[in-house]
Protein chains: 2
Amino acid sequence: MTAAASAARAALAPARIKGCCQPVAPGLPDARADNLAALHKALGDPTRIQILHILSTASEPVCVCDFTAAFDLGQPTISHHLATLRDAGFVTSFKFGIWAFYRLNPAMSEPARAAVGQIR
Amino acid sequence: MTAAASAARAALAPARIKGCCQPVAPGLPDARADNLAALHKALGDPTRIQILHILSTASEPVCVCDFTAAFDLGQPTISHHLATLRDAGFVTSFKFGIWAFYRLNPAMSEPARAAVGQIR
DNA sequence: TGTATCCATTGACAGTCGTCGATGGAACGC
DNA sequence: GCGTTCCATCGACGACTGTCAATGGATACA
């Protein structure tokens, strides 16, 4: 080991005698980590990113039939993606006659809002 | 249909004659949507959220052996999660002797940085 | 040189996810 | 009422994901 490397090691791992391991902060509460992971998992699909992009640039609620026309996917698949986004708190929906409309959830959580803000 | 509902429909779906569908903006470039989805997919696991939390609060690079001690998971699983975060651009690693250290990637993309900033 | 430690990789397995076709309920127009 | 349209749900299937045990390479130290 060179002198430089030795100095680097001292800076990186001071007081790590037998091996290098030292205790690490316990981290986030499990519930918090689970919530954040679920939030990001809902964003882990290109179709759902596109849906949120459409909703974040739309001035009005968007009809499901508009989504099915915009994507090369079956209607059940679109419905599934919309339900995923709704379950994660990103969007809300309402029915109007035979149509269902979706829009961004105005009560979205702060991390969710930050994530949607990056979809540009 | 009540008069109020009729007015609401006119506001929501003007000029939607045969059905309600109207063209929707084509959306993000596919590559952009894919990149954002991959980024969020890498955050879609509580263990990886915890890892990023530890790294974002650590003042020094953190040794893999510290992660294996902090989680109730096997060493290959920790290694897998760290590789996932590295492939997604969240962290970088270097070896020092027999130890491997990880830290937040200083060249992280802007959406990635925003997401990590929400892990608190 | 030999041994021990650390960590990445491989192979395997159960569970989850994205997608589709089929079905059924709800609302509209005739 | 009756047929039509829209959309959520169900069942199924292939692909991917998280986890582990086993393996092997690289490094340090006696």
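Computed from a prediction, not measured in an experiment: that's the story for all the values here. Here is the naming used below: chain letters follow the sequence lines, and residue numbers restart at 1 for every chain.
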Whether B:His40 and A:His40 hold their rings parallel, tilted or perpendicular, with breakpoints at 30° and 60°: parallel
Protein-nucleotide distance (A:His81, atom NE2; C:dG18, atom C1'), rounded to Å: 6 Å
Please give, in whole Å, the distance from C:dC6 C1' to B:Lys95 NZ? 7 Å
Would you tell me if any nitrogen or oxygen in the side chain of A:Thr77 comes within less than 4.0 Å of OP1 or OP2 on C:dT19? no
Reckon B:Phe71 touches a base, only the sugar-phosphate, or nothing at all at heavy-atom distances under 4.0 Å? nothing
The answer to which of A:Gln75 and B:Ser93 contacts DNA chain C further toward the 5' end, by nearest nucleotide, is B:Ser93
In terms of side-chain heavy atoms of A:Ile98, which of C:dA27, D:dG18, D:dA28 is nearest? C:dA27
Derivation of the side chain to side chain contact (heavy atoms under 4.5 Å, CB included) call for B:Val64 and B:Trp99: CA-CA 7 Å; B:Val64 171; B:Trp99 296 296; over 6 Å; no
Would you kindly compare A:Ala83 and B:His80 by the position of their nearest DNA chain D nucleotide and give the one closer to the 5′ end? A:Ala83
Any B:Tyr102 side-chain N or O less than 4.0 Å from OP1/OP2 of C:dA8: yes
Hey, does A:Leu52 have a side-chain heavy atom less than 4.5 Å from the side chain of A:Val91? yes
In whole Å, what is the span from the CG atom of A:Asp72 to the C1' atom of C:dC20? 13 Å
Nearest-Å distance for atom pair CZ/P, residues A:Phe67 and D:dC6: 16 Å
For atom NZ of B:Lys41 and atom C1' of C:dC17, their distance in whole Å: 9 Å
Heavy atoms under 4.0 Å, any strand shown: does B:Arg86 hit a base, just sugar-phosphate, or nothing? nothing
Walking DNA chain C from its 5' end, the first of A:Pro76 and B:Val64 to be reached, judged by nearest nucleotide, is B:Val64
Establish, from distance only, whether the side-chain atoms of A:Arg86 and A:Ser93 form a donor-acceptor pair under 3.5 Å. yes
Looking at side-chain heavy atoms only, is the closest gap between B:Arg103 and B:Val62 below 4.5 Å? no
Between atom CH2 in B:Trp99 and atom C1' in D:dA28, what is the gap in whole Å? 8 Å
Could you give the CD-to-P distance, from A:Gln50 to C:dG18, as a whole number of Å? 15 Å
Can you check the A:Asp87 CG to C:dC17 P distance for me, whole Å? 11 Å
Regarding B:Ile78, tell me which of base, sugar-phosphate or nothing describes its non-hydrogen contacts under 4.0 Å with the strands shown. nothing
